[in-house]
Amino acid sequence: MASARSPRREIAMNATTAPNARGVGTPGRRTVYSMCGMCSVRCPIEVTVEDGKATWIQGNRHDAAIGASLCAKGSAGLPLEYADDERPQTPLMRIGERGSGRWRRVSWEEALDHIADRLRETIDAHGPRGIALSDRGGPFSDLTKTFLAALGSPNYFNHDATCGGNAHNAARSMFGFSHAGLIPDYRNARHLVLYGRNIVESLMVKEAKAFMDAVANGLRVTYIDPRASGTACKATRYWKVRPNSDYALNLALIHEVLAQDVHDKDFVARFVSGMDVLREAVRDTTPEWQEQHTGVPAAELRALVREIAAQAPRVIFHPGWMTARHRQSFHVTRTALILNALMGSIEVPGGLIIAKSPEAFGRESLKPLSARVPKVTEARVDGAGTTRPSWDPSIGMVHQLFAAMETGQPYGVGAYFAYRHDPITSLPDAEALKSALDKLNLLVSIDVRYSETGWYSDVILPESTYLERANILAGMPGPVPVFLMRDQAVAPRFDSRPAWWIFREILRRMGVKDALDFETVEEIWNYQLEGTGVTVAEMRKAGVVALATAPKLMPRDALRFPTPSGKIEIDSAVLRQADLPFMPPYEPKAAPEGDSFTLLFGRPATLAHGQSLNNPLLREAAPRQELWIHPDRAAALAINDGEEVEVSGGGAYVGRLPAKVTPWIHPDAVFMLHGYGATVPVATRARGVGVADQRLQHGKLYAFDPAGGGCTLTETIVRVRPAAAEGA
């Protein structure tokens with residue numbers, strides 16, 4: 001029996017969804033400053049609107065770092081809006097089994113009432129902590145965190161278990177803040193060391209432009225990856241290391257920096273703690289020792305150290321974003337950050353610049369929406385910040401949410417919102433993940449597209465596209481902190497709503513007042529801007545407002561880090577609390593033989609993982625998915641270039657795709673693009689195209705780096721064979 005409902009409220013169009021609001025839909029030509037939504041980078045853009053229709057999108061020229069530039073994904077925003085009707089157009093409720101594709105169109109009122117009823121059932125069964133939400137993180141998470149906190153739940157997660165989580169937590173263990181708080185100064189650097197950070201294909205437009213300008217001006221680049229990506233083509237030096245061996249490489253680099261006595265002794269003495277721990281950890285990790293694990297010649301490693309020493313402190317060992325996902329990749333980032341500290345390249349031109357908040361320039365940050373709700377003291381279901389102190393509770397580790405769904409431990413979870421996040425595509429082992437989702441009382445997808453997770457949900461709520469909606473304002477720390485705006489450019493084409501409105505209406509039905517009880521997005525913006533000295537009109541005028549005229553570096557005497565010691569901690573207090581080693585020994589793995597390989601994956605510049613392939617323009621531009629394999633291994637298996645192969649990962653799923661026989665991949669590995677292999681029948685352009693690498697990662701859903709929490713995606717072993725002839 002359903003719980004008693006709170007009084008229904010009439011759902012009326014409001015200022016951010018109604019045609020003609022602020023000129024939306026009116027005749028004439030105007031420019032709207034906003035933020036792209038075609039991937040999670042969210043570049044600043046300007047949109048030309050003519051007679052209510054968006055006709056042109058480019059980078060926001062008020063932001064000098066991006067100018068008018070836009071990547072291929074951003075350029076496909078107009079086809080998303082006007083040529084893609086294969087997206088949710090009205091709320092849908094499931095009437096068949098999960099994943100059966102049987103839906104009923106419903107009104108927003110019915111869908112939201114149903115969600116509120118199921119939330120009350122969940123609270124009755126598990127308490128408010130039994131409600132969870134995951135999103136893609138980024139500048140708008142204040143909204144989703146506030147929504148959950150207003151319901152009384154601590155269980156917010158972003159997607160970083162399969163992205164930057166290990167790098168985030170590694171930096172936090174040393175510096176007291178995330179790796180996002182360290183901004184590479186490419187243009188002033190002399191040497192950049194990249195661990196699989198595929199800058200030219202990732203694709204953050206500002207970063208890519210700064211990188212290419214720096215390369216043109218003489219920046220030397222060392223690129224380390226089992227596969228030669230597009231960024232490797234721009235490098236001065238490329239090391240084709242064995243898969244998952246990068247920690248051994250870094251231990252040897254640190255050994256050699258200390259052996260050659262070329263570290264910045266003054267910086268280390270003043271700002272680094274734990275050098276005794278470091279020296280002991282690398283005592284025997286010589287260049288010769290690492291050569292047997294990585295394949296990098298000892299002489300080449302020594303040459304790099306001599307080169308870096310001559311160029312310090314204007315050198316950057318990039319801490320990574322999606323560094324190779326294995327059980328020690330947390331320590332890959334940690335040792336890369338240690339190398340930066342040894343070279344004194346923290347908070348200096350050409351090194352890693354510490355991101356500044358508005359307060360560093362005497363300004364005020366945006367007022368958080370979370371200040372409107374009581375702090376939730378309940379322990380998180382994944383243990384982040386409690387039983388797992390090295391995991392940052394502000395991002396969580398979403399695989400442990402699914403573990404709790406499956407087991408009921410440490411407590412039950414009954415309701416889950418997947419907001420613009422598609423865990424069935426992004427996490428390993430889709431079948432294991434579905435098994436966990438089957439334990440839920442409520443699964444809601446809020447998205448602009450039919451994702452794999454959405455198709456498995458109980459309710460789909462269509463969010464308006466990024467051109468059709470406004471978001472809360474975003475504050476971005478950096479060398480110069482800025483405020484950013486996503487403003488509505490056009491009226492929604494279908495019966496969709498912006499996220500802030502959706503969450504507000506759910507809270508109203510749950511009887512929760514004040515948290516998000518705004519009538520218009522302008523009210524939210526005015527609340528956020530209180531005390532900042534910036535107005536909504538200023539934000540609309542340029543889309544981005546800088547809070548300083550120029551960056552500034554902290555004076556060396558004032559440099560202090562938000563760690564217990566105030567220093568960069570190799571002997572990390574966070575790791576000590578978690579009872580984890582500061583510098584564990586490298587754990588080598590046997591090389592796969594015969595028809596077995598380590599599976600690697602990535603993406604091209606034209607696609608953003610699983611969300612892009614159904615876009616009409618991006619599908620047309622998408623590269624053919626191929627399986628990269630080394631010629632020596634291909635010959636042993638009688639695999640020829642261009643011929644179909646079968647790939648299996650230990651489960652029932654077997655994929656078929658053409659082989660790309662190339663020397664530009666390590667013999668122990670094979671590589672494929674991620675984001676293919678969709679199954680949603682109404683996404684006709686993407687359905688059945690290619691192979692889903694995550695479905696080959698059988699048994700890996702609950703395998704993770706214990707220190708950082710990230711999924712061990714690159715520890716997947718697959719079997720590769722020539723495809724059997726059709727009908728054989």
### Query
For the side chain to side chain contact (heavy atoms under 4.5 Å, CB included) test, which of Val654, Leu657, Val670 pairs with Val647?
Leu657
### Query
Hey, are Thr333 and His179 close enough side-chain-wise for a donor-acceptor pair under 3.5 Å?
no
### Task
Answer yes or no: is there a side-chain heavy-atom contact under 4.5 Å between Tyr653 and Ser648?
no
### Task
Taking atom types as modelled, find out whether His168 and Asp160 have a side-chain donor-acceptor pair closer than 3.5 angstrom.
no
### Task
Mind checking the CZ-CG spacing from Arg242 to Leu249? Nearest 0.5 Å is all I need.
12.5 Å
### Message
Quick check: closest heavy atoms across Ile316 and Gly351, and the distance to 0.1 Å?
### Response
CD1-O, 3.6 Å
### Query
Of all residues at least two apart in sequence or in a different chain, which pass the side-chain hydrogen bond (donor to acceptor under 3.5 Å, both in side chains) check with Lys567?
none
### Message
I'd like to know if the side chain of Arg576 reaches the main chain of Phe582, judged simply by a donor and an acceptor atom lying under 3.5 Å from each other, with no hydrogens or angles considered.
### Response
no
#### Entry: Taking every non-hydrogen atom, the tightest pair across Pro319 and Ala167
O-CB, 4.1 Å
### Message
Tyr247 and side chain to side chain contact (heavy atoms under 4.5 Å, CB included): which single residue from Thr285, Thr294, Thr335 fits?
### Response
Thr335
### Cation over ring face, Arg227 and Trp664, 6.0 Å, 45°
no
### Task
Taking atom types as modelled, find out whether Ser69 and Lys209 have a side-chain donor-acceptor pair closer than 3.5 angstrom.
yes
### Query
Do Phe597 and Ile717 pass the side chain to side chain contact (heavy atoms under 4.5 Å, CB included) test, and can you show the C-alpha distance, the side-chain angles, and the key distance before you say yes or no?
CA-CA 5 Å; Phe597 298 81; Ile717 302 297; over 6 Å; no
### Query
Atom CZ of Phe402 and atom CG of Leu701: how far apart are they, to the nearest 0.5 Å?
7.5 Å
### Query
So do the side chains of Glu646 and Arg719 get within less than 4.5 Å of each other, counting heavy atoms only?
no
### Query
To the nearest 0.5 Å, what is the distance between CG (Leu192) and OG1 (Thr236)?
9.5 Å
### Task
Could you tell me which non-hydrogen atom of Glu347 sits nearest to which non-hydrogen atom of Ile354, and how far apart they are?
OE1-N, 2.8 Å
### Message
Restricting to side-chain hydrogen bond (donor to acceptor under 3.5 Å, both in side chains), what partner residues turn up for Ser390, sequence neighbours left out?
### Response
none
### Query
Ring centres of His399 and Phe704 under 6.0 Å apart?
yes
### Query
Between Ser229 and Tyr223, do the side chains contain an N or O donor and an N or O acceptor separated by less than 3.5 Å?
yes
### Query
At what distance, to the nearest 0.5 angstrom, does CE of Met554 lie from NZ of Lys356?
5.5 Å
### Task
Give, for atom CD1 of Ile308 and atom CZ of Arg220, the distance between the pair rounded to the nearest 0.5 Å.
9.0 Å
### Message
Would you say that Ile199 contacts Leu194 through its side chain, given a criterion of any heavy-atom pair below 4.5 Å between the two side chains?
### Response
yes
### Task
Kindly indicate, with the supporting measurements, whether the criterion side chain to side chain contact (heavy atoms under 4.5 Å, CB included) is fulfilled by Phe177 and Arg172.
CA-CA 4 Å; Phe177 51 73; Arg172 179 173 168 264; over 6 Å; no
### Query
Side chains of Ile629 and Ile665: closer than 4.5 Å at any heavy-atom pair?
no
#### Entry: His331 side chain near Leu251 side chain, heavy-atom distance below 4.5 Å
no
### Message
Donor-acceptor check, side chain of Tyr238 to backbone of Asp225, threshold 3.5 angstrom: yes or no?
### Response
yes
### Task
For Asn169 and Asp392, indicate whether the former's side chain and the latter's backbone hold a donor-acceptor pair under 3.5 Å.
yes
### Query
Taking the inter-plane angle between the rings of Tyr186 and His318 on a 0 to 90° scale, is it parallel (under 30°), tilted (30 to 60°) or perpendicular (over 60°)?
parallel
### Query
Under the 3.5 angstrom rule, does the side chain of Lys206 hit a backbone N or O of Cys43 as a donor-acceptor pair?
no
### Query
Does the distance from a Lys or Arg side-chain N to an Asp or Glu carboxylate O, for Arg270 and Asp557, drop under 4.0 Å?
yes
### Query
Between Asp429 and Lys700, is the closest basic N to carboxylate O distance under 4.0 Å?
no
### Query
Just by modelled atom types, is the Asp632 backbone N or O under 3.5 Å from a matching donor or acceptor in the His630 side chain?
yes
### Query
If you measure only the distance, is there a donor-acceptor pair under 3.5 Å linking the side chains of Thr231 and Arg197?
no
### Task
Could you pull out the closest heavy-atom pair between Thr606 and Ala622, with the gap in Å?
OG1-CA, 4.3 Å
### Query
For the side chain of Ser572 and the backbone of Val574, is there at least one donor-acceptor N/O pair under 3.5 Å apart?
yes
#### Entry: Flag for His326-Glu715: side-chain donor and acceptor within less than 3.5 Å
no
### Query
Between Leu337 and Phe317, is any pair of side-chain heavy atoms under 4.5 Å apart?
no
### Task
Begin with the C-alpha distance, continue with both residues' side-chain angles, and end with the deciding distance and a verdict on side chain to side chain contact (heavy atoms under 4.5 Å, CB included) for Leu304 and His191.
CA-CA 10 Å; Leu304 173 63; His191 203 121; 3.8 Å; yes
### Query
Is a side-chain donor or acceptor of Ser245 paired with a backbone partner of Ala248 at a separation under 3.5 angstrom?
no
### Task
State, with a plain yes or no, whether a side-chain heavy atom of Val691 is found less than 4.5 Å away from one of Gln625.
yes
#### Entry: Contact list for residues 210-219, test salt bridge (Lys or Arg N to Asp or Glu O under 4.0 Å), sequence neighbours left out
Arg187-Asp213
### Query
Run the side chain to side chain contact (heavy atoms under 4.5 Å, CB included) check on Thr563 and Ile568 step by step: do they pass?
CA-CA 7 Å; Thr563 59; Ile568 300 169; over 6 Å; no
### Task
Drop me the distance from Asp185's CG to Arg314's CZ, to the nearest 0.5 angstrom.
8.5 Å
### Query
Could Arg327 and Asp705 be called an ion pair, given the rule that one side-chain N must be under 4.0 Å from one carboxylate O?
no
### Query
Quick one: does Leu713's side chain get under 4.5 Å of Phe601's, heavy atoms only?
yes
### Query
With a 3.5 Å cut-off and no angle check, do the side chains of Asn340 and Ser345 form a donor-acceptor pair?
yes
#### Entry: Gln292 side-chain N/O to Trp289 backbone N/O, donor-acceptor pair under 3.5 Å
yes
### Query
Looking at Thr712, Asn166, Asp246, Thr714, which hits side-chain hydrogen bond (donor to acceptor under 3.5 Å, both in side chains) with Ser329?
Asn166
#### Entry: Heavy-atom donor-acceptor pair, His263 side chain to Leu342 backbone, under 3.5 Å
no
### Query
Hey, which of Glu307, Glu256, Glu291 is the one that makes salt bridge (Lys or Arg N to Asp or Glu O under 4.0 Å) with Arg302?
Glu256
### Message
Can you see whether Arg237 engages Thr222 through a side-chain donor-acceptor pair at a distance of less than 3.5 angstrom?
### Response
yes
#### Entry: Thr162 side-chain N/O to His159 backbone N/O, donor-acceptor pair under 3.5 Å
yes
